[in-house]
Each structure stands twice: as structure tokens, then as C-alpha cells.
There are 2 protein chains.
Amino acid sequence: MYTIKQAALRSGVNVALLRAWERRYGVVAPIRTDSGYRLYDDEAISRLQAMRGLVDGGWSPRQAAEHVAAARPDELHALAKQSAPEDGPSTDPVAAFVEGATRIDSRAIERALDDMFASGSFERVVEERLYPALAALGDAWADGRVDVAGEHAAAAAVLRRLGMAFEAAGSASRADRPILVGLPPDARHEVAALAFATAARRAGLSVSYLGADVPAASWIEAVRLTGARAVVLGVALEQDVTAAEQVVTALGGSASEVVIAVGGRRSESVRNGAVVRLPNTLSAAVETLRATLD
Amino acid sequence: MYTIKQAALRSGVNVALLRAWERRYGVVAPIRTDSGYRLYDDEAISRLQAMRGLVDGGWSPRQAAEHVAAARPDELHALAKQSAPEDGPSTDPVAAFVEGATRIDSRAIERALDDMFASGSFERVVEERLYPALAALGDAWADGRVDVAGEHAAAAAVLRRLGMAFEAAGSASRADRPILVGLPPDARHEVAALAFATAARRAGLSVSYLGADVPAASWIEAVRLTGARAVVLGVALEQDVTAAEQVVTALGGSASEVVIAVGGRRSESVRNGAVVRLPNTLSAAVETLRATLD
DNA sequence: CTATGTCTGGACAAACATTAGACATGACAC
DNA sequence: GTGTCATGTCTAATGTTTGTCCAGACATAG
């Protein structure tokens with residue numbers, strides 16, 4: 001329970017306005033102490049944040065209050081990132097994503113990603129929205145329309161979003177031998193690898209995600225420790241190919257019965273023999289891996 | 001059993017205030033000697049520490065007292081944000097976290113993190129569970145009990161978890177000039193920076209998170225583009241100090257009116273003058289930044 | 001004995017909240 | 001243009017909360 005000052009700090013609505021919103025729209029109804037002081041709970045803070053977000057997004061306070069009052073508590077967070085009903089030409093989340101990166105506006109980027117991921121299944125959104133958005137971002141960066149900082153902010157937001165999806169996908173808790181997903185040494189482009197890890201989990205596979213820059217020796221140790229059924233290496237850049245090949249060779253030489261697969265934009269350049277090459281679409285890659293395992 | 005002075009020393013509450021809290025809220029009820037002196041037991045100290053922590057965290061004393069009075073003794077240490085040095089964190093989720101890293105089991109790591117984050121407010125969990133868990137992980141890695149792959153998997157899971165918290169923090173403040181949080185060039189330890197970014201958002205600040213390895217030129221460009229009110233650099237390792245100093249110098253030279261702050265374990269090594277050094281606890285760091293901005 | 005610690009009960013100022021209403025600004029209709 | 005409405009901000013008068021302080025009496029340790 002928070003006093004009005006704390007509520008103002010946490011919601012970003014100043015004290016006077018907070019009282020005005022309560023008086024005029026009844027958007028919150030804080031309980032009172034014996035002496036009449038308002039006390040706000042966490043849901044009230046969420047409602048105020050949502051209202052603040054809607055008003056900042058161009059809604060009129062009256063309309064915003066109506067929506068906020070009608071929303072269930074679990075809808076409030078999504079509500080806060082909505083933009084005005086009659087938003088201009090930039091309703092395309094891909095364009096909004098690049099535009100947010102241009103302005104280095106984490107919130108706008110998050111809103112664009114929210115829009116994308118609300119529009120379909122994870123796999124489709126990644127293929128049809130996220131990848132094009134990242135391509136557009138790359139173009140904008142090459143043209144100098146987006147600074148490195150904006151690209152960083154966008155990439156960090158994308159990884160957060162994928163990480164949330166990865167966590168949310170965690171259901172198949174059969175303690176069977178996992179699939180290990182990660183990047184070779186010095187490689188740092190996690191997006192495709194994490195997207196694949198998520199899709200694999202969503203398909204019911206048991207996945208451990210190792211992240212970027214995993215040394216060859218650690219891949220071997222990881223396979224030994226976990227008894228992994230498969231290892232999936234992400235190869236996004238040409239410069240990562242050599243490192244990936246070395247990991248593949250090392251794993252092959254360690255004589256375990258693990259399936260070694262590579263995916264990602266530059267996976268075709270990996271020239272080792274005993275390697276499964278995953279196709280470039282998410283669902284097909286998961287299907288290929290599953291087929292190989294059976 | 002402690003006299004009132006000892007109790008004051010151990011709880012961080014001065015003698016007069018301690019009596020006032022007892023009189024006004026009945027938060028503790030020390031037994032008395034024959035001559036009427038108060039004698040405090042360990043539980044009383046815990047209650048006072050918990051109350052101190054809540055009040056420092058922005059709660060009104062009355063509300064804090066209600067919570068503390070209602071809490072069972074075993075819940076007290078979880079209530080206090082700044083607890084006494086001697087009460088170590090509960091070992092369960094921390095041990096489970098390290099154990100999951102040992103086995104390179106993403107699921108187990110995620111479960112341990114779930115447990116941690118279910119046990120209290122974000123700031124408290126980060127300080128009292130997550131950081132100790134990461135320290136334990138570092139020790140285990142130094143001892144060879146955990147492989148690099150396990151450390152990678154754990155670090156990736158932690159970043160996912162923090163990313164979710166960052167998104168959930170809502171960023172409901174108005175579209176005013178943001179605070180930029182990120183790491184200097186070549187620095188890659190995002191945990192503390194992302195935790196701070198999240199805490200700052202939760203406190204109602206508008207935060208854009210730029211992520212790891214942001215070049216000095218991009219910091220300047222980002223400040224220019226966003227009109228940022230403040231820049232917060234994370235400095236986790238000694239090797240990042242030089243890069244951070246260069247960023248600070250570059251930003252200072254760019255003549256904008258931005259507040260430059262550094263935080264993280266090695267932030268004390270940053271020797272530039274015009275820099276705000278943030279304390280090492282999350283809530284205190286946010287408070288310091290906010291105070292500097294006002 | 002002396003210095004220090006503690007007790008009670010009250011007092012006080014500063015910070016914080018309350019209400020009702022006023023006011024400036026901007027959007028929009030006529 | 002004028003009028004109206006919505007909205008964010010501000011004021012004034014009043015009340016509450018809370019950290020700190022004081023005076024005088026009693027207790028304890030060296």
C-alpha cells in the first residue's frame with residue numbers, strides 16, 4: 001500500500017493530477033486511512049500507469065479512463081503501450097520498430113514488438129515480422145539512418161522479447177536428454193538461436209540454451225554432462241563459420257552419439273560432413289531436427 | 001537480549017525513534033527489567049530491521065508497521081530491503097541455481113529463478129537472492145565445479161529473467177526525456193545494468209536500455225537524439241574502467257546538460273570528475289539518481 | 001560519587017495530505 | 001470571431017504524520 005506521493009512516483013502521474021483523475025473519472029478508488037489519507041495498492045498503480053501510457057499515446061483522458069476502468073488487471077500492462085486509436089501512417093509494427101530504433105526509444109520498440117507478437121503464432125511472427133524488421137533495421141543502419149545505439153537498444157529489446165517467449169514455452173518438463181542450443185566461440189548474434197530454441201521448446205522438445213560465445217571444450221563438456229541428444233549451433237555471420245567448424249570437429253571427435261546440427265544464415269558455409277544442416281525457416285528447422293532424432 | 005542502545009545500533013534505528021515506533025505503532029513490545037528498562041530479543045531486532053527497510057524503501061511508517069506486525073518471524077528478513085550483514089540468504093534457490101548450472105539444465109535454472117523472484121519485490125530479490133546466487137556461481141566456476149557452458153546457460157537465463165522484469169516494469173512515465181542505461185565499449189556484463197534499468201523503471205523513471213558494448217560516439221549520438229536527462233554506465237569489471245572513462249570524457253566534452261552516472265562493482269575506479277557514482281544497492285542507486293535529477 | 005544510560009510524557013516543526021475551488025490553455029463547435 | 005468544454009496546474013486553509021528534542025527522575029557500571 002502506497003501513499004499518494006509514492007503512487008505518484010511509481011506511476012509517473014503527479015499528485016495533483018492523480019487526484020484530479022480520481023475525482024473526474026474515478027479511474028482509481030484508493031481506500032482511506034482513518035484520517036482520510038489515500039492508500040493505493042499495486043493494482044491501482046498499474047491502472048495509473050496504463051492510463052498514463054494511453055494518454056501519452058494520444059488518447060483523450062476520458063477515453064483512456066474508460067478503457068482502463070473496463071480492463072481486467074492482467075490486461076493493464078498491454079494497455080499501457082497502446083497508441084492512439086487514429087494513429088497515423090506508422091501502424092505497421094515493422095516500420096514502428098525501425099522508427100523506435102531511430103529515436104532510441106525503448107518503449108516504442110517494445111510497443112512495436114508487442115504489436116508483432118500479438119498478431120499470430122510465435123513461429124509466424126518471427127518469420128514474417130521480426131526477421132523483416134531486423135532486416136529493415138540493418139538497412140537503416142547501413143544507410144546511417146539508425147545509430148549503433150539505436151541498433152543496440154532494438155537488439156536488446158528483441159532478445160528480451162525472445163527470452164520471454166522462451167520462458168513461456170517451458171512446459172515439457174520430462175527430464176529426458178536435452179537439446180543444447182548456443183553459439184560457437186566469439187559469435188554473438190543470438191537472435192536466430194534463441195528463436196530456434198523457443199520454437200523447439202514449443203514443439204515439446206527439452207531445450208537448454210547456452211547463449212553466445214561458448215568455447216569448443218565447453219560444448220564437449222556440456223554434451224558429456226547432460227547426455228544431450230543433439231547440439232544446435234547458430235551460425236549467423238561468415239566470420240563465425242570457422243569457429244563453428246572447429247566446434248563440430250571437436251564434438252565429432254569426442255565420439256559421443258550426439259546429433260550435431262547447424263542453423264542460421266551462414267550455416268551452409270559449414271563444411272564438415274557429419275552435420276545436419278537446418279533449413280532457414282523456424283518450423284522447418286524444428287521439424288528437421290525432430291525427424292533426425294527419430 | 002539487548003538494551004535499547006544495542007538494539008538501536010543493530011537495527012539502524014536511533015533510540016528516540018525506536019521508542020516512538022513502539023509507542024505509536026507497537027511494532028515491538030520489549031520485555032522490561034525490574035527497573036523498567038527495555039530488553040530486546042533477536043526477533044525484535046528483526047522486526048525493527050524490517051521496518052527500517054520498508055521505510056527506507058519509501059513506505060509510510062504506519063503502513064510499514066502494519067506489515068511488520070502482521071508478518072511471521074520467518075518472513076521478516078525477506079521484508080527488509082537492507083538487512084543486517086549477519087543474516088545470510090536462504091540457501092535453497094541459490095543452491096538450486098548453482099546446481100542447475102552444474103548440470104547445464106536450463107529448466108532447473110529457470111525454476112530456481114522462478115522461486116527467487118516469487119519470494120519478494122524485485123529489488124529485494126535481486127539484492128538478496130540473485131546477486132548471492134551469481135557470486136556462488138562465480139565461486140563454483142573458479143573451483144571448476146561449474147563449466148563455462150553451465151555459467152553461460154545460467155547467465156543467459158538470468159538475463160532473460162531480468163529482461164522480463166524490465167518489460168513488466170511498464171515504463172509508464174510520460175514521454176519525457178529518458179534515462180539511458182548501458183555498458184561502455186567491449187563491456188559485456190549486463191546483469192547489474194539491466195537490474196538497475198528495471199529498478200529505475202519500477203520507480204517511475206523513463207528508461208531506454210541500450211545493452212552491452214556501446215561505442216563512445218553512439219553514447220553522444222544517443223544523448224543528442226533522445227535529449228536524455230541522464231546516462232548510466234555499468235562498470236562491472238576492472239577492464240571496463242578505461243572504456244567507461246573515455247565515454248565519460250567524450251560525453252562531458254559534448255557540452256550537453258546530461259547527468260553522467262556510473263554504477264556497478266568497479267564504478268569506484270572511474271576517476272573522472274563530473275560523474276555521479278551510484279551506490280551498490282539497487283534501491284539506493286535509484287534514489288541517488290533521482291535525487292541528482294531534482 | 002560520577003558519568004552514562006534509560007525512563008515517561010509531552011512538545012514541536014517540517015513534511016505530507018486533505019478539500020474546494022480557481023485559473024490558463026487549447027481544442028472544437030457555431 | 002465567440003462560446004464552451006476538457007484538462008492540467010495551482011492556491012489557500014486546514015488537518016495529520018513523523019522524526020526529533022526536552023525535562024526531570026531513576027538505574028547501572030566503573
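In the text below, chain A, chain B and the rest are named by the order of the sequence lines, each starting its count at 1. For clarity, every value in this text was computed on a predicted model and none was experimentally measured.
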Evaluation steps, salt bridge (Lys or Arg N to Asp or Glu O under 4.0 Å), between A/R107 and A/D105: CA-CA 5 Å; A/R107 189 148 162 269; A/D105 181 341; over 6 Å; no
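- Rounded to whole Å, atom C1' of D/dT17 lies 7 Å from atom OH of B/Y25.
- Between B/W59 atom CH2 and C/dA15 atom C1' there is a gap of 20 Å when expressed in whole angstrom units.
- Side-chain contact check for B/E190 versus B/L159: some heavy-atom pair is nearer than 4.5 Å.
- A sub-4.0 Å separation between OP1 or OP2 of C/dT6 and a side-chain N or O of B/T3 is present.
- Closest to the B/K5 side chain, of the nucleotides C/dT6, D/dG19, C/dT19, is C/dT6.
- When rounded to the nearest whole Å, the span between CD1 of A/I4 and C1' of D/dT16 equals 14 Å.
- Ion pair B/E268/B/R277 not flagged as a salt bridge, since none of the NZ, NE, NH1 or NH2 atoms sits closer than 4.0 Å to an Asp/Glu carboxylate oxygen.
- B/L17 places its CG atom 17 Å from the C1' atom of D/dC22, with the value rounded to the nearest Å.
- One atom, CG of B/D34, and another, P of D/dA27, lie 11 Å apart when rounded to the nearest Å.
- Salt bridge annotation for A/R47-A/E43: present, with a cationic side-chain nitrogen under 4.0 angstrom from a carboxylate oxygen.
- Atom CG in B/L39 sits about 13 Å away from atom C1' in D/dT28, given to the nearest Å.
- Remark: C1' of C/dC7 and CZ of B/R32 are 8 Å apart, rounded to the nearest angstrom.
- Side chain of A/Y37, nearest nucleotide from C/dC16, C/dT19, C/dC7: C/dC16.
- By the 4.0 Å N-to-carboxylate-O rule, B/R32 lies close enough to B/E22 to be salt-bridged with it.
- Below the 3.5 angstrom threshold, one finds no donor paired with an acceptor across the side chain of B/R38 and the base of C/dG5.
- Counting non-hydrogen atoms under 4.0 angstrom, A/T33 reaches nothing in the nucleic acid.
- Salt bridge status for A/R160 with A/E110: present, with a side-chain N to carboxylate O gap under 4.0 Å.
- A/R62 comes within contact range of the sugar-phosphate backbone alone, with a heavy-atom separation under 4.0 Å but no base atom that close.
- Each end of the helix from C/dC1-D/dG30 to C/dC30-D/dG1 gets its own rotation axis from five pairs of C1' atoms, and the angle between them is 30° to the nearest 10 degrees.
- Going from atom CG of A/N14 over to atom P of D/dT7 covers 15 Å, rounded to whole Å.
- Side chain of B/R24, nearest nucleotide from D/dT9, D/dT20, D/dT7: D/dT20.
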